[in-house]
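Okay, so here's the structure we're looking at.
Just so you know, residue 1 is the first one in the sequence shown, and it goes up from there. FYI, side chains are in, hydrogens and waters are out, and symmetry mates aren't considered; it's all heavy atoms of this structure.
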Amino acid sequence: MKTGKSPLNTIRLLENISLGSAVFAVVLCVLIIVNFIQVKKADPLNTPAMSILVEKLQNDPANEQLRQEIRTLDLLARKAFFTAQWQVRMGGYLLFISILLLVSSVKAIELIRVKLPEEPSGKPVLFWETTRLRRQWLVFSGAGLVVLALLLAWLTHENLGKDFDSASQQSVISSQQAAAGSEKPAAGRQQAAAGSEKSAAGSQQATVSNQQAAAGSQQPDFPTMQEVKNNFPSFRGPGSIGVTERSGIPTRWDGKSGKNIKWKTAIPLPGNNSPVIWGDRIYLSGASETKREVYCIDAVSGKILWTSTVDKIPGSPSQVPGVSKETGFAAPSLATEGRRVYAIFADGDLIALDMDGKKVWAKNLGMPANHYGHSSSLIMYRDILIIQYDQRTGPAVMGLSGKTGEQVWKTPRNVKISWASPSLVNTGKRMELLLAAEPCVASYDPLTGKELWKLDCISGEVGPSLAYANLIVFSVNEYSTLSAIRTGENPKVIWENNEYLSDVPSPVANDDFLFLVTSYGTAVCYDATAGTKYWEHDFGNPVYSSPMLAEGKVFILDKKGLMHIIKAGKEFSQISECPLGEGSFSTPAFTNGHIFLRADKNLYCIGK
């Protein structure tokens, strides 16, 4: 019949599409199942070859060729890991698309078939029209195979992540015992970059609210710059750049014997945030899956002056976010301007407390869309609380009124997930807010959120924060590069290096030197302006704490709680090694004559 040719042709085309989609889906299911079996049998991160090389190096630690072989093999293992993850993700996406195409084709055929006249012979038009029992068997078998494949894909992805965490820790320890310098990511916090995102000009326009104009008409309620410098108000000190002007810093102590340990205080809940200090008070937070608290500790006696429970936050999600051990539920350090203290947690809950621990305001910023937990620390500029909220959906940097919590400005950012924290620097002409996240280092006006400049120079899920000295910004991330950027209206990279890269500790700089520490425990010193490498030294233990500069010395705390104190100079010169007797992920805080260290369970005050 002539009138039926066009619909029948369409049906045949859809039959071919549905058949192809079904075959493709079956092939994908088989491949996913095979991949799951292979990953179970052969872990790409734990190879016998690596164990053999490490064992050889333990017997011959001066063998540079072996060290290079370990680095090369480790890099290949990382690439294999990321390739396996990509294959699992892509297989799941393609399987979903093929099933969607199959279902759409079948549905379209049914809709067309309703309009067709019956064949005189009574024979079926559609090739798959067989008995109801066979159709049901086909549907249920196919659905079962698809569900099994998707479940195994999810399990493979999860197991790879856990194996990556475990293998990273084991390989770091083994490499340090062998004095190896293999460049190793810490506990799966960094993944290989999938490419740089390009943003259209003007896409990052700041939205300045009416609260700013209202605040401008009032008397300023914020500290002077000198007051800020006299305290330790945020992660890595004033401006969050790792440099302190405090003096009389102790260089000898011993946690086991108690030498120069003025006091230690047990902190009730765990947290990887670092101490912040205003006057004679120290502020920390702690959290578990079910409880969150903020603590105020007397800097003289170590007594906990008050504990504020963080709960009943408007908009707080009922679901507990997934976090890793390296982040936890209270990774971001607090911030204070001496009027209030501010804390943020893994689920996006944000709270402001007065200096006596009473809630001033609280809000939820939305559950952070990242896979290790939110860990960007807070920072204050004048009376504006600044939050770097770079996540998978809607990344942005925002400024809130410290007094009310209302939004002063918010600037969208076309970047990927970042765990780095913001820094504030005075360039001589203006104050700049500096942030790092793939693909760029960017500068903003901290009063308005207006973007001042940006430069594409970094990739991956960024963990280290920026360093700054003498108009030069330093950025680094593992599997990316170390870049020195001359700031200004037309910023440019003045030197780069990719020999040693960090994925957790932030670098620190002064006018002469840049100091970088890798998470596997190797410290490196560069000429800050020219990029010349002066020295490198392997401490033998992993490091997550960021190095600090004080009184011409670099303070580096490793994960075992051993503080390495070295001279800030062209030649490596170690002043002392001071054991705390307890492990630590946190960065030290300083006052005149004292160091405050948060360890796994206790807060320590070190001084005479």
So how far is it from [X] [atom1] to [Y] [atom2], rounded to the nearest 0.5 Å?
X: Ile494; Y: Thr487; atom1: CD1; atom2: OG1; result: 9.5 Å
X: Ile458; Y: Leu482; atom1: CD1; atom2: CG; result: 9.5 Å
X: Thr427; Y: Asn470; atom1: OG1; atom2: CG; result: 12.0 Å
X: Leu597; Y: Glu582; atom1: CG; atom2: CD; result: 10.5 Å
X: Leu424; Y: Ser240; atom1: CG; atom2: OG; result: 7.0 Å
X: Leu501; Y: Ser480; atom1: CG; atom2: OG; result: 7.0 Å

Give a yes or no answer on whether the side chain of [X] reaches the backbone of [Y] with a donor-acceptor pair at less than 3.5 Å.
X: Trp419; Y: Thr327; value: no
X: Asp527; Y: Thr529; value: yes
X: Ser576; Y: Cys578; value: no
X: Ser376; Y: Ala420; value: yes
X: Glu438; Y: Ser459; value: no

Side-chain heavy-atom pair [X], [Y] within 4.5 angstrom cut-off:
X: Ser519; Y: Pro505; result: yes
X: Ser418; Y: Gln388; result: yes
X: Met548; Y: Val243; result: no
X: Phe539; Y: Gln574; result: yes
X: Ile566; Y: Ser573; result: no
X: Ile606; Y: Phe596; result: no
X: Trp409; Y: Ile386; result: yes
X: Tyr526; Y: Thr532; result: no

Using every non-hydrogen atom in the two residues, find where [X] and [Y] come nearest and quote the distance to one decimal.
X: Met563; Y: Leu557; value: SD-N, 3.8 Å
X: Ser502; Y: Val476; value: N-CG2, 3.8 Å
X: Val228; Y: Pro223; value: CG2-CG, 3.9 Å
X: Pro422; Y: Ile379; value: CG-CG2, 3.7 Å
X: Pro588; Y: Ser546; value: CD-O, 4.3 Å
X: Pro332; Y: Ser285; value: O-OG, 4.3 Å

* To do: Please lay out, stage by stage, how Glu432 and Ser443 fare under the test side chain to side chain donor-acceptor pair (under 3.5 Å).
  => CA-CA 6 Å; Glu432 295 189 24; Ser443 170; 2.5 Å; yes
* Phe235 pairs by side chain to side chain contact (heavy atoms under 4.5 Å, CB included) with which of Ser586, Ser423, Ser274? -> Ser274
* Asked: Can you tell which of Pro507, Ser475, Ser421 makes a side chain to side chain contact (heavy atoms under 4.5 Å, CB included) with Leu466?
  -> Ser475
* Other residues, nucleotides, ligands: >12 heavy atoms within 6.0 Å of Lys533 NZ -> yes
* More than 12 heavy atoms from other groups under 6.0 Å of NZ on Lys553 -> yes
* Given side-chain contact (heavy atoms from CB on, under 4.5 Å), test Leu434 with Val425 step by step and report yes or no. => CA-CA 8 Å; Leu434 302 175; Val425 301; 3.7 Å; yes
* Asked: Can the positive tip of Lys559 be found less than 6.0 Å from the middle of the six-membered ring of Tyr544, inside 45° of the ring normal?
  -> yes
* Taking NZ, NE, NH1 and NH2 as the nitrogens, is one of them in Asp445 or Arg430 under 4.0 Å from a carboxylate oxygen of the other? -> no
* Ignoring hydrogens and angles, state whether a donor on the side chain of Arg598 or Asn273 is under 3.5 Å from an acceptor on the partner side chain. => yes
* With a 6.0 Å cut-off on ring centres, are Phe555 and Phe590 close enough? -> yes
* Evaluate the side-chain contact (heavy atoms from CB on, under 4.5 Å) criterion for residues Leu447 and Ile384: first the C-alpha distance (whole Å), next the side-chain angles of each, then the deciding distance (0.1 Å), finally the verdict. => CA-CA 8 Å; Leu447 280 178; Ile384 298 176; 4.0 Å; yes
* To do: Starting from the C-alpha separation in whole Å, work towards a yes-or-no answer on side chain to side chain donor-acceptor pair (under 3.5 Å) for Gln226 and Asn230.
  => CA-CA 6 Å; Gln226 190 57 49; Asn230 289 343; 3.0 Å; yes
* To do: Quick one: sort the His537 and Phe572 rings into parallel, tilted or perpendicular, breaks at 30° and 60°.
  => parallel
* Output, in order, the C-alpha distance, side-chain angles, deciding distance and verdict of side-chain contact (heavy atoms from CB on, under 4.5 Å) for Leu435 and Arg413. => CA-CA 10 Å; Leu435 278 67; Arg413 284 165 48 80; 3.7 Å; yes
* Could you walk me through whether Ser234 and Met380 pass the side-chain contact (heavy atoms from CB on, under 4.5 Å) test, one step at a time? => CA-CA 8 Å; Ser234 54; Met380 291 292 299; over 6 Å; no
* side chain to side chain donor-acceptor pair (under 3.5 Å) evaluation trace for Glu337 with Tyr342 -> CA-CA 9 Å; Glu337 81 287 56; Tyr342 309 87; 2.7 Å; yes
* Asked: Given the rule in the ring pair (Phe, Tyr, Trp, His ring centres under 6.0 Å) test, do His374 and Tyr389 qualify, once you have shown the distances and angles that lead to the verdict?
  -> CA-CA 8 Å; His374 181 69; Tyr389 219 57; 5.1 Å; yes
* To do: Before giving the answer on salt bridge (Lys or Arg N to Asp or Glu O under 4.0 Å), spell out for Lys416 and Asp390 the whole-Å C-alpha distance, their side-chain angles and the decisive distance to 0.1 Å.
  => CA-CA 7 Å; Lys416 293 190 175 182; Asp390 290 337; over 6 Å; no
* Kindly indicate, with the supporting measurements, whether the criterion side chain to side chain donor-acceptor pair (under 3.5 Å) is fulfilled by Glu536 and Tyr500. => CA-CA 9 Å; Glu536 63 182 80; Tyr500 289 98; 2.3 Å; yes
